[in-house]
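These notes concern the structure reproduced below.
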Amino acid sequence: MSTEISATGAGTGTAPLPPLPPLHCLRHLEPGPPRLAALPTGTPVWLVSRHADVRQVLTDPRLGRAPLYAPDAPPVTVTPNILDNPQSMLNIDGAEHQRLRRTVQRAFTPRAIARWKPWVASVVEALIDELIDHGSPVDIVAGYTRPLPVAVISRLMGLDNLDSKRLAHWSDHALSTTAYSAEAIVTAMNEFSAFGAGVIAERRAEPGDDLVSSLLAAAAEDGSITEAQLVALVIGLVVAGHETTMTSLGNALVYLLHDGREAWQQLASDETSAAAATEQLLRAVPLGDAHEHMPGLMRRTVEDVEIGGVVIPAGSVVAADTAAANQDPEVFTGDLRTELFSPLTAPMLTFGAGPHHCLGAWLARMELELALHRLARRLPALRMADAVDGIDWRRGLLTRSPNSLRVTW
């Protein structure tokens, strides 16, 4: 790329960028049998969209992440991003993946997350106090949806002095699709990796009661985890630990303060309603424009596999479209207006499924439930201050959420 798009979505040229629809308004691929398409790199890709088929892609050991980075693998991305690191736990399969996963999964069990709930609730309440003290209108992204998950992952990993602006810079480059040049991404990722290596060195010298220290203790006991894998784990957790929650919370508020305004009072009523709404919002509001940049969670077949009645040859790239699967009319009926507080009729696939199911799913759920419930309870008259078509979106990344969102009450 000859120019870059900033994290605010403003290009270096003078032409204004066209408005984007909120993510809850996106049209998704009609669920159907696997169909052959092409990635932006020109590589053929099998698009899988039905709920049952997507679950098979994500759980069947005949499809893996590591084969995407084998010597004979075709290119699947135009520019690098954090998902491309072969040392990442995301791109390792089988026994080695399970060994890496065991070093961190104890910190993310439902029981472990429950112990954090009182502290997270106190952070939520403190941020709402600051919003009220500031007065309306206020940018709820800068004051709430971004600082909450950053504060939580910083505390969990013992990164109390983490520069939030630097983190945003690294995260945006790590998840870039078209926003930055390959050179800029590599530079930022090298800086981020150096940061991760520095954190590891500090914890080796002075272990503490934090996730990084626990990782190092588990790695020392295991004896086979490489330094590169440890660095990838640390920076991957920093990004994943705040990005999904920030994105989901911002997009949930766009829906709730616009099309879902009538649900705000019930959301405030109790945590059970907030928990049900969180599941439906995570299901129905995708994390990004999948078909604009990447059509789903990628896997590659290691042998011929039949999916949805179609035989997909060995060595094929497969994209599991979780957003389409989450809207499969054979599985999910109704929409957010009618089903927001109803239990899910099947597992939603926003966090994936199978061996690579998101480790932080329960943490994200807990943060979202508390953030939505407490905000609705404290600010029952909360509403958007500007038109929805004027939202300033983060663009050119694997995820999309408001870069800023002015609200009033």
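FYI, side chains are in, hydrogens and waters are out, and symmetry mates aren't considered; it's all heavy atoms of this structure.
In this structure, CG on Leu375 lies 8.5 Å from CG on Leu267, to the nearest 0.5 angstrom. Here the straight-line distance linking atom OG of Ser176 with atom CG of Asn81 works out to 8.0 Å at 0.5 Å rounding. Here the straight-line distance linking atom CD1 of Ile200 with atom CG of Leu215 works out to 8.0 Å at 0.5 Å rounding. To the nearest 0.5 Å, the span separating OG on Ser154 from CG on Leu162 amounts to 4.5 Å. Separating the OG atom in Ser248 from the CG atom in Leu253 is a distance of 11.0 Å, to the nearest 0.5 Å. To the nearest 0.5 angstrom, Leu297 atom CG is 10.5 Å from His356 atom NE2.
Summarising the local packing, CG of Asn190 is surrounded by more than 12 heavy atoms from other residues, nucleotides or ligands at distances under 6.0 Å. With a 6.0 Å radius and a threshold of 12 heavy atoms from other residues, nucleotides or ligands, Arg55 has its CZ atom at or below the threshold. No more than 12 heavy atoms of other residues, nucleotides or ligands shown are found within 6.0 angstrom of CD on Glu330. In Arg106, the CZ atom is not crowded: 12 or fewer heavy atoms of neighbouring residues, nucleotides or ligands sit closer than 6.0 Å. When the shell of 6.0 Å around NE2 of His357 is examined, it contains more than 12 heavy atoms from other residues, nucleotides or ligands. Counting non-hydrogen atoms of neighbouring residues, nucleotides and ligands closer than 6.0 angstrom, the CD atom of Gln98 exceeds 12 such neighbours. Other residues, nucleotides and ligands contribute more than 12 heavy atoms inside 6.0 Å of the CH2 atom of Trp409.
Ionic pairing of Asp163 and Arg166 is not present here: no N-O contact between side-chain nitrogen and carboxylate oxygen is shorter than 4.0 angstrom. For Arg300 and Asp72, the salt-bridge test passes: some basic side-chain N is under 4.0 Å from an acidic carboxylate O. Using a 4.0 Å cut-off between a side-chain N of Lys or Arg and a carboxylate O of Asp or Glu, Asp60 and Arg62 qualify as a salt bridge. A salt bridge between Arg65 and Asp93 is absent, with no side-chain N of the basic residue lying under 4.0 Å from a carboxylate O of the acidic one. Ionic pairing of Arg374 and Glu367 is not present here: no N-O contact between side-chain nitrogen and carboxylate oxygen is shorter than 4.0 angstrom. For the pair Glu271 and Lys117, the salt-bridge criterion is met [side-chain N within less than 4.0 Å of a carboxylate O]. Classification of Glu125 and Arg377 as a salt-bridged pair holds, one side-chain N sitting under 4.0 Å from a carboxylate O. A salt bridge links Asp289 to Arg400: one of the charged nitrogens lies within less than 4.0 Å of a carboxylate oxygen.
In this model, a donor atom of one side chain and an acceptor atom of the other lie less than 3.5 Å apart for Glu243 and Thr399. Looking only at atom types and distance, the side chain of Asn85 has no donor-acceptor partner in the side chain of Tyr69 under 3.5 Å away. Counted by atom type alone, Ser401 and Arg394 present one or more donor-acceptor pairs between their side chains at under 3.5 Å. Side-chain polar atoms of Asp84 and Thr77 form a donor-acceptor pair below 3.5 angstrom. Between the side chains of Gln327 and Glu30, no donor-acceptor pair is found at a separation under 3.5 Å.
The side-chain heavy atoms of Val239 and Trp170, taken from C-beta on, include no pair separated by under 4.5 Å. Two residues are said to be in side-chain contact when any heavy atoms from C-beta on lie closer than 4.5 Å; Asp259 and Cys25 meet this criterion. Inter-residue side-chain proximity for Val57 and Ile307 is flagged as met; some heavy-atom pair is nearer than 4.5 Å.
Remark: Arg155 is positioned above the aromatic ring of Trp119, its terminal NZ or CZ atom under 6.0 angstrom from the ring centre and at most 45 degrees off the axis.
With hydrogens and angles ignored, the 3.5 Å screen pairs a side-chain donor or acceptor of Thr41 with a backbone N or O of Pro75. Looking at Arg261, its side chain does come within 3.5 Å of a backbone N or O of Leu382 through a donor-acceptor pair. In this structure, Asp210 contributes its side chain and Leu156 its backbone to no donor-acceptor pair below 3.5 Å. Judged purely by atom type and a 3.5 angstrom limit, Glu339 has no side-chain atom pairing as donor or acceptor with the backbone of Leu336. Counting only distance, with no hydrogens or angles, the side chain of His51 and the backbone of Pro347 share a donor-acceptor pair below 3.5 Å. No side-chain donor-acceptor contact under 3.5 Å links Trp116 to the backbone of Leu363. Judged purely by atom type and a 3.5 angstrom limit, Asn326 has no side-chain atom pairing as donor or acceptor with the backbone of Ala284. When atom types are taken as modelled, the side chain of Gln280 and the backbone of Ser342 share a donor-acceptor pair closer than 3.5 angstrom. Although no hydrogens or angles enter the test, the distance criterion places a donor-acceptor pair under 3.5 Å between the side chain of Asn251 and the main chain of Thr247. Not a single donor-acceptor pair under 3.5 Å links the side chain of Asn403 to the backbone N or O of Trp393.
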Side chain to side chain contact (heavy atoms under 4.5 Å, CB included), that's the test. Do Leu216 and Leu230 meet it? Break it down for me. CA-CA 8 Å; Leu216 293 176; Leu230 280 172; 3.9 Å; yes

Which is it for Asp386 and Arg406 under the salt bridge (charged side-chain N to carboxylate O under 4.0 Å, His left out) test, yes or no, and what are the steps along the way? CA-CA 7 Å; Asp386 304 305; Arg406 291 199 324 139; 2.9 Å; yes

Salt bridge (charged side-chain N to carboxylate O under 4.0 Å, His left out) for Arg99 and Asp222? Distances and angles first, verdict last. CA-CA 8 Å; Arg99 189 167 60 247; Asp222 179 274; 3.5 Å; yes

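Under the side-chain contact (heavy atoms from CB on, under 4.5 Å) test applied with Pro40, the options Val78, Thr177, Thr79, Thr178 reduce to a single match, Val78.
Ring pair Tyr180/His173 is parallel by interplanar angle, where below 30° counts as parallel and above 60° as perpendicular.
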